[in-house]
Amino acid sequence: MGEPVTAREVILARLRAALDPAPAPVEVPREYRRDAPVDLDRLVDRLTDYRAHVHRVAETAVADTVAAILPTGATVVVPPALPPAWLPATVTARPDDDLDNRQIAAADAVITAAAVAIADTGTVILDGSPDQGRRVLSLLPDLHICVIRAAQVVAGVPQALARLTSHRPLTWISGPSATSDIELNRVEGVHGPRTLHLILLP
C-alpha cells in the first residue's frame, strides 16, 4: 500500500494540473480612439448633471465671477502659483505655505487651476502642479472653484491619460463630493467639497 494522500497533496496536485500547461499570454489591444473632437457643451452638460455649477467667461472676468460666487470677506485658500488676477479684492486669500489641515478646513473656499478635463465623463483632473496645489486643498474646504481653459479639455479618457504624468498625485473630480447611505439617500460633502464651481475659459 502506498502512503496515505493528504488533503494538502490533493490540493497542490489539482493546482499543478490547472496551471500546466500555462496559458499563452494574451495580446491586449491598445488602439484607443485618440482623434475624437472635443465637445465643450458635453463637458458642461455632464458637470451640470453632476450638480456642479459651470461658468463660461473670458479670462478677464474670472475675478468678477469669483466675487459673484463668494460673499464679501470670504477666506479662500490658494495654491502658490495661482494667477493673482483671478482673485477679486472682495476676498481674503490665504496662500498655501504649508497650512495645516485645520487652517485649510476653516477656509470658506479653495480656488485652483486644473491639468485637464474630460468632456465625455465630465471629469476635471488636478495633478498637483503649482497652480493646483496639494491634494488636501481640494478635499477640506466646503467649496471648490476650479478654473480651466478650453485648450485643456479633451474628448475621452485615453486623450487625458496621454497628457498626464503617472507619477504625479492625480485627483479626478466629477462634480461635488457625494455618496449614498444604505437607503440610497444622496449625501454631499462627506469626502470633499459640497459645492463645485468650474470656470471654463475660451
Hey, are the side chains of [X] and [Y] touching, using non-hydrogen atoms and a 4.5 Å cut-off?
| X | Y | result |
| --- | --- | --- |
| Pro193 | Asp142 | no |
| Val76 | Thr92 | no |
| Leu47 | Asp49 | no |
| Ile111 | Val66 | yes |
| Ile199 | Leu201 | yes |
| Leu200 | Val153 | yes |
| Ile125 | Ile173 | no |
| Ile69 | Ile145 | yes |

Report task. Could you check Leu143 against Arg194 for side-chain contact (heavy atoms from CB on, under 4.5 Å), going step by step and ending with a plain yes or no? Result -> CA-CA 6 Å; Leu143 188 150; Arg194 189 185 314 273; over 6 Å; no
Atom pair [atom1]/[atom2] of [X] and [Y] - distance to nearest 0.5 Å:
| X | Y | atom1 | atom2 | answer |
| --- | --- | --- | --- | --- |
| Ile104 | Asp98 | CD1 | CG | 9.0 Å |
| Arg134 | Thr171 | CZ | OG1 | 12.5 Å |
| Trp86 | Thr112 | CH2 | OG1 | 8.5 Å |
| Asn101 | Gln103 | CG | CD | 9.5 Å |

Requested in this report: Carefully, step by step, assess Arg46 and Asp41 under the rule salt bridge (charged side-chain N to carboxylate O under 4.0 Å, His left out).
Outcome: CA-CA 9 Å; Arg46 293 285 192 270; Asp41 291 333; over 6 Å; no
**Report entry** Residue pair Asp97, Leu99: steps toward the side-chain contact (heavy atoms from CB on, under 4.5 Å) verdict
**Finding:** CA-CA 6 Å; Asp97 50 1; Leu99 298 174; 3.6 Å; yes
Quick one: closest heavy-atom pair of [X] and [Y], and the distance?
| X | Y | result |
| --- | --- | --- |
| Gly175 | Ala52 | CA-CB, 4.3 Å |
| Ala93 | Leu87 | CB-CD1, 3.8 Å |
| Val57 | Pro202 | O-CD, 3.1 Å |
| Ala113 | Cys146 | O-SG, 3.7 Å |
| Ile148 | Val116 | CD1-C, 3.7 Å |
| Val77 | Ala107 | CG2-CB, 3.4 Å |

Are side-chain N/O atoms of [X] and [Y] paired as donor and acceptor at under 3.5 Å?
| X | Y | answer |
| --- | --- | --- |
| His55 | His197 | yes |
| His144 | Thr195 | no |
| Thr90 | Thr72 | no |
| Asp127 | Ser129 | yes |

Query - Stepwise side-chain contact (heavy atoms from CB on, under 4.5 Å) check, Ser138 with Leu126 - result: CA-CA 9 Å; Ser138 66; Leu126 281 59; 4.2 Å; yes
Within one Ile-Leu-Val-Met-Phe-Trp-Tyr cluster: [X] and [Y], side-chain cutoff 4.5 Å:
| X | Y | value |
| --- | --- | --- |
| Leu139 | Leu137 | no |
| Val62 | Leu70 | yes |
| Leu196 | Leu140 | no |
| Val91 | Val78 | yes |
| Leu40 | Val54 | yes |

Side chain [X], main chain [Y], donor-acceptor under 3.5 Å:
| X | Y | answer |
| --- | --- | --- |
| Arg135 | Gly128 | no |
| Gln152 | Ala117 | no |
| Arg94 | Thr75 | no |

Query - More than 12 heavy atoms of other groups within 6.0 Å of Arg163 CZ - result: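 Correct, the count exceeds 12.
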Requested in this report: Check step by step if side-chain contact (heavy atoms from CB on, under 4.5 Å) holds for Gln159 and Ile118.
Outcome: CA-CA 8 Å; Gln159 295 97 319; Ile118 306 172; over 6 Å; no
